[in-house]
Each structure stands twice: as structure tokens, then as C-alpha cells.
Number of protein chains: 2
Amino acid sequence: MEGRRKFRREGEERRRQDLIEATLECVAERGLQGATVRAIALRAGVTAGLIRHYFPSKEELLQAAYAAIMGRMTEQSKAALAKVAQEPRRRLAAFVEASLQPPVIDARVFSQWASFIGRASSDPALAVAHRAGYLGFRDEVEALVAEVLTATGRDAPKAELRRYAIAINAIIDGLWIEGCLAGDFFEPRELAEIGIGSVEDMLGLKLRQPTAPPLPPLDGEGAGAPTSPVFDVAVQKQKKKTP
Amino acid sequence: MEGRRKFRREGEERRRQDLIEATLECVAERGLQGATVRAIALRAGVTAGLIRHYFPSKEELLQAAYAAIMGRMTEQSKAALAKVAQEPRRRLAAFVEASLQPPVIDARVFSQWASFIGRASSDPALAVAHRAGYLGFRDEVEALVAEVLTATGRDAPKAELRRYAIAINAIIDGLWIEGCLAGDFFEPRELAEIGIGSVEDMLGLKLRQPTAPPLPPLDGEGAGAPTSPVFDVAVQKQKKKTP
DNA sequence: GGCCTTGTTATGCAAGTGTATAAATATTCT
DNA sequence: AGAATATTTATACACTTGCATAACAAGGCC
């Protein structure tokens, strides 16, 4: 008696996107185990069989979802760079800051990341997807640091640059995890402050206006600090390498 | 015609331990999805039904396994402290160093950690287990930093201490992840070096002998640096707080 | 040794899993 | 409008999952 379910034909790209999104939501809420074809289909508003029509197997849907989340994260951090295109130090600060605030800091995104990466160790396909996204992020950091060092007139031996990139990437990752897992333990901008301060310590120079107390409260739109490109050359304490 | 399988009765504690260990191995190799009761039992050398005899449900076995791994990790990092009980700075350095070398840096352990924590966001029982272990680790860091600061004659306002603990914990976490995920990208002691160096930068003081180039190559047993308790007060560059 | 306790195995079951296939209908093309 | 196409639904199937229960045997006790 109940007739067949009504439906609409959506474009291929749209459906793929919807299915990927539904997958990520299921993963975030119930882990990889909860991302069954039926649960995904239900959330995407279709029936389970349709998944096989767009993805050869569930495995490939998961890979696509993982690639999507990795791309989204680096893209969000990079987006902060587009808005602040002037001074290298400011760019680096903006990058760190953007990485340590919503929407990059997000419990759901973290849950997805952890779920996937937990399996990336055993699944070769996910492993390569991970390594690509990861190195992309670190290269971004390294490029930013190189800009900063040359702009401040410091020579940058490749080995030292590498160490900076590794360390800065690490502290961003670590703070990101802390923020995602226990965001309620921190003041809204606390992690960003700590992150930028730590990077300043490591590089031995100031990234922001030296007299700005904790950065002005964000009242306008966007995640940007004030747009004035004025900088002091700042304290610029000499990095102590083995003398 | 094959008669019933022969078996031995093991003590309760032993069996629980074996089952937990088997669970962790399954998780490390095939993710949480691969940790089925049958796979666990097979690896533990028993049949599936026995699991229910020791754990009310599979859920509780997983919780026990998660608690086990968390405890093991902090225990390993703390073990480094027991060996170096003298000078606070050296203790902190040893703690950082131990956290960034095998066996704490281990791809399998990371896989387990990620798998569990991915679900900790959705599963309340795992969430509390996580938060406990996590705060325990951070408190450990905070206590170490406090020791160092008082030993070097610096006042330690609570807020600043907190920031240090957060930042240092973050860089340990971040480097730990990098090491576990891409250990082949780094020299054996590179991460430990970077970690200690970064902490030195953040605290604005030296933790090791200032003239030791990269720490002597470990030839003896244990993960310890030389046991001489001699320290220079070192550079001790003044931390630049907002003046 | 024979019994009793209980750790352990073996078997079964209902629910859920991914996938394959056929039927149906929305949309396009002429 | 009507036929063609391929998106979408619906159903089925083999398999796995966690869990329950009954049969069994290993080791301790008298």
C-alpha cells in the first residue's frame, strides 16, 4: 500500500558531497564504527544502495571523507593568510592564531581526525592520504618561518629552518588537541595567545606589536587582528646557538 | 570427531591482563573495528565466550584496555624521573627526553591512542578515562616546571605557571605525534633535542650543560644522560613579559 | 579416588554488516 | 507528448557481530 518513496535526482557532485558530509557527521558522533552505510544513507537522506552507485565500495567513501577533512583543515588555516598578506611576522601570527581558534579548533573535527588517523596506521590508502596532508601543513609552516627570518634579516640555514618548522608545527598540533579535547578549560583566546607566545620564544623575536596587551578584543567580523601594518622591529633577542 | 579443545585454568588477574593485551594488539593492528570479541579471543588463545566471563560486556573490556594504555604511557614518562632524582632542570629535561623516544614514541601505541580517543568524544565512559589521564600528565608537567622555577630563583605566578604547563605539554604532545606517525623522517634523538630546546626557549633558561653539543651519544644502558649533577646556572635570559 | 566448584569450550541466535541485483521513477532529449 | 537513460529505491543474501546458554573438564577439597 505505501507507494515507493519519492525522490529527486541530484547532480553527481552534489550527491558525492552530501554523502561525504554525512559520513563525517556519523564519524564525529559515533566513531568509525557508527559510520555504517545505512547510517550514512539515512543522514544523507537517501537509501543505502545509492552509496554503491557513487563509490565503488565503502572503503573509497571513507578515503574520500578523510581527504575532505584534511583538505578542509589546511584550507582554513591558509585562509587566514589570504586576509593578512602584508608582513611576514604578522602572517605567521595570523596562521598560528587561526589554527588555534574555531572553526579549526572543533571537537567534532578532532573526533573525525582521530578516528581516521587511528586507522591510517594499518590502512595504507589512508596512510598516504594522511602523509600528504600532513607534509602540506608542515611545508606551509616552514615557508612562513623562512619568510619571517629573511624579513628580519636573519640567515636561515636549512637545518635550523627545519627544526623551527618541526617545533612550531608540534606546538600548534599540541595546542590544537588540547583545545579540541578540553576547550572548556581555556579562555577563548588563551590558546592562540600561548601559541603565538611560544613561537615568539622559539624564534627569539616578536610577531605582534610589542605593546598590545593581549591583542584587542575581536568585535568586528573575521578572525583578524587590526589591519594596521605597522610593526616595531621589536625586542629581537638574539637566538643563542652554540657559540 | 575432534575432541574438545584442551585448556588450562589461569588465574583471574592473568587472564584479564592477557585479554587486555590482546585487545590492544588488535586495536593497534586493525583499529577499533578489528577488535572483535572473536579476534581478541583468538589472539589471547581462548575462545570468544570467555570474554564475557571476565568482562560484563565488550564495552568494559575496551574501557579497561584504554585505562591500561593511558596508565602505561604516563608511567613510562614518570619512570624517567625516578632515575634522575637530583636537579629540577635535569629532571624536566629527562622527562621531555623520555617522552620523545621509544618506547613512548611508538607507532602502535599511537594507533591505539588515536583509536580510543576518537571514540572518547562520543562515549562518556571513555571520555572521563581520558580526561583523568590527560590532566594527570599535565599536572606532572606543571609540578616539574614549578620545581625548576623555584630552583632557579624565579617567582612563579600561578597564571604563568599554567601557561608554561600548557605550552610544554603541547609541544611534547605535538612532537610525540610527529614521531609516532613519521618516525622515519627524524634522526634518532632529533625530536628529543627539539623538544628540550623548545622548552628551554619557552622558559628562557638552559636545562642541560650549556656546552654539551647535542648531548653525548647514549652508549650505556638506560635512557639517561650522564649522571654528573653539575650544572651551570647558564644563560638564564630574562623572560620578557609585557614591561 | 570421587565429588564439587567454576573456569572454559562449544553451539546457537537475533541483529546488523557490506554488497549485489532487480525494479521503479525522475529527468532529459527529441 | 513519448521514449530513452541512468539515478534512486527496494529487496535479498552471505557473512559477521555481540551476547546467551548449555555442555564440559580442570583443579582443589574431603
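Labels below follow one simple rule: chain letters A, B, ... track the order of the sequence lines, proteins then strands, and each chain is numbered from 1. Note that the structure is a prediction, hence the values are computed from the model and not measured.
Partners of A:D173 under the salt bridge (charged side-chain N to carboxylate O under 4.0 Å, His left out) rule, at least two apart in sequence or in another chain, do not exist in this structure. With sequence neighbours left out, the side-chain hydrogen bond (donor to acceptor under 3.5 Å, both in side chains) criterion links B:E21 to B:R72. In this structure, the side chain to side chain contact (heavy atoms under 4.5 Å, CB included) partners of B:L135, at least two apart in sequence or on a different chain, are A:F185, B:R131. For the side chain to side chain contact (heavy atoms under 4.5 Å, CB included) test, no residue two or more places apart in sequence or in another chain qualifies with A:R52.
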> Taking protein heavy atoms under 4.0 Å as touching, what does nucleotides 6-19 of chain C look like 5' to 3' if B marks base contact, S marks sugar-phosphate-only contact and - marks none?
Replying inline: BBBBB-B----BBB
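Between the CZ atom of A:F55 and the P atom of D:dT7 there is a distance of 14 Å, rounded to whole Å. Rounded to whole Å, atom P of D:dT8 lies 10 Å from atom CG of A:D18.
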Enumerate donor-acceptor pairs with a distance under 3.5 Å from any side-chain N or O in residues 103-111 of chain A to protein atoms, sequence neighbours excluded.
| from | atom 1 | to | atom 2 | distance (Å) |
| --- | --- | --- | --- | --- |
| A:D106 | OD1 | A:R108 | N | 2.6 |
| A:D106 | OD1 | A:V109 | N | 3.2 |
| A:S111 | OG | A:A28 | O | 3.4 |
| A:S111 | OG | B:G118 | O | 3.1 |

